[in-house]
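So the structure is just underneath, and the comments pick up after that.
Because the structure is a prediction, the values reported are computed rather than measured. Chain naming here is simple, since letters A, B, ... match the order of the sequence lines and numbering starts at 1 in each.
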Amino acid sequence: MTLFQKTANDFDLEKTLNCGQVFHWEKHGDGFVGAIGESAAYVKQRGAQLCFAGVAEKTIAKYFSLDHPLRKICRSFPDEPGMNAARAFCQGLRIIRQPRWECLATFICSSMKQVAHIRQISLALRKRFGVPVSIAGSVGYAFPSAARLAESTEAELRECALGYRAKNLLASAQRVATGEADLEAWRKLADDELRARLCQLPGVGVKVANCVMLFAYERLRAFPIDVWIERVLREQYFPRRKKVTALELRVFCDQHFGEHGGYAQQYLFHHARTGRRAE
DNA sequence: CTCCAGGGATGAT
DNA sequence: ATCATCCATGGA
């Protein structure tokens with residue numbers, strides 16, 4: 001295996017892969033094995049050097065969004081205790097550029113699931129329907145295309161532990177496979193229009209749509225509100241208030257966190273989920 | 001055992 | 001327009 005190197009400043013590989021935005025990278029020695037699109041990849045960080053194999057340098061740089069102006073993005077976050085703690089905890093965490101269908105499909109599977117189980121579902125789908133790829137002496141699987149999943153059955157999908165989500169994944173796969181839902185063409189749509197299109201897909205509501213917009217369409221303003229973020233918001237911004245409606249939270253986030261709200265959200269999410277116990 | 005998880009769709013107020 | 005309920009499954 002030939003290892004290449006690239007300088008990556010303001011980048012934390014481990015946080016980027018383990019923050020809950022992507023679900024298939026697995027620890028392998030002191031690096032990670034996964035796939036970027038159809039290609040197996042191995043990635044490891046040594047200081048400011050990103051070592052990689054299996055894919056081209058420009059593929060790595062694009063996938064990990066090494067061009068995002070991270071310092072500027074972090075400076076744009078509101079200067080508040082909770083946000084500052086999350087910013088400090090998540091240094092180097094980047095929102096990556098995921099393949100659109102892969103991201104959409106895994107988040108359709110994410111509803112009412114813990115991160116650990118979303119990883120299991122992703123692995124089961126890959127093993128059963130994905131193309132095997134190998135690198136670093138281990139076999140991985142590319143995420144199955146919409147066309148491949150479209151020709152599966154709900155029963156087969158349920159065998160991957162999808163439960164009630166199987167029907168939605170199958171129906172969405174079929175719409176994407178036929179071209180009725182053209183995920184690539186949607187990249188040109190404005191945020192609101194893109195969100196509306198995504199929400200028309202079975203199993204996709206506002207939360208999942210915002211995740212897909214943030215992680216696969218580079219809409220860095222998109223602010224997914226899940227149970228963790230809702231808890232953080234209520235604690236930090238609406239303490240001592242009984243009822244705060246979903247719409248109220250929605251409006252608050254959109255105007256409060258600004259043009260890189262999605263980054264702020266991911267930092268708050270990762271900090272709340274993994275960081276606060278250790279502090 | 002119980003509780004809860006990166007929610008969405010549906011039907012009742 | 002909000003609210004309640006159901007939906008499968010497994011980790012904690």
Cation-aromatic face contact A/Lys27/A/Phe32, 6.0 Å, 45 degrees: yes
Under 4.0 angstrom, heavy atoms only, what part of the nucleic acid is [X] near: base, sugar-phosphate, or nothing?
X: A/Ile121; result: nothing
X: A/Gly203; result: sugar-phosphate
X: A/Gln266; result: base

Rounded distance (Å) that lies between atom [atom2] of [N] and atom [atom1] of [X]:
X: A/Lys167; N: C/dT9; atom1: NZ; atom2: C1'; answer: 17 Å
X: A/Gln120; N: C/dA12; atom1: CD; atom2: C1'; answer: 13 Å
X: A/Leu198; N: B/dG7; atom1: CG; atom2: P; answer: 17 Å
X: A/His117; N: C/dA8; atom1: NE2; atom2: C1'; answer: 9 Å
X: A/Arg273; N: B/dC4; atom1: CZ; atom2: P; answer: 17 Å
X: A/Met213; N: B/dG6; atom1: CE; atom2: C1'; answer: 16 Å
X: A/Lys113; N: B/dA5; atom1: NZ; atom2: P; answer: 13 Å
X: A/Arg165; N: C/dC7; atom1: CZ; atom2: P; answer: 13 Å

If I pick the [atom1] atom on [M] and the same atom on [N], what distance separates them, to the nearest angstrom?
N: C/dA8; M: B/dG11; atom1: P; result: 16 Å
N: C/dC3; M: B/dG6; atom1: P; result: 24 Å
N: B/dC3; M: C/dC6; atom1: P; result: 16 Å

Is there a donor-acceptor pair closer than 3.5 Å between any side-chain N or O of A/Gln265 and the backbone N or O of A/Phe257? no
Ignoring hydrogens and geometry beyond distance, is the side chain of A/Glu230 in donor-acceptor contact with the base of B/dG6 at under 3.5 Å? no
Is there a donor and acceptor pair closer than 3.5 Å between the side chain of A/Arg158 and the base of C/dA8? no
A/Asp182/A/Lys188 salt bridge by N-O under 4.0 Å criterion: no
Options [options], nucleotide nearest the side-chain atoms of [X]:
X: A/Pro224; options: B/dA5, B/dG6, C/dG10; answer: B/dG6
X: A/Arg231; options: B/dG8, B/dA5, C/dG10; answer: B/dA5
X: A/Val115; options: B/dG6, B/dG8, C/dT9; answer: B/dG6

Position toward the 5' end of DNA chain B (nearest nucleotide), A/Gln200 or A/Gln21: A/Gln21
Tell me which of A/Leu201 and A/Ile118 sits closer to the 5' end of DNA chain B, going by the nucleotide each one is nearest to. A/Ile118
Report the distance from atom NZ of A/Lys6 to atom CG of A/Leu50, rounding to the nearest 0.5 Å. 8.5 Å
At what distance, to the nearest 0.5 angstrom, does CG of A/Leu70 lie from NE2 of A/His260? 10.0 Å
On DNA chain C, check which nucleotide each of A/Met112 and A/Ala116 is closest to and give me the residue with the more 5' one. A/Met112
Are A/Phe223 and A/Phe269 near enough that their ring centres are under 6.0 Å apart? no
Centroid under 5.5 Å and tilt under 30°, A/Trp228 to B/dG6: no
For C/dT5, what is the paired nucleotide under Watson-Crick or G-U wobble rules, both distances under 3.5 Å? B/dA9
Could you check which nucleotide pairs with C/dA12 in any of the strands shown, counting Watson-Crick or G-U wobble with both distances under 3.5 Å? B/dT2
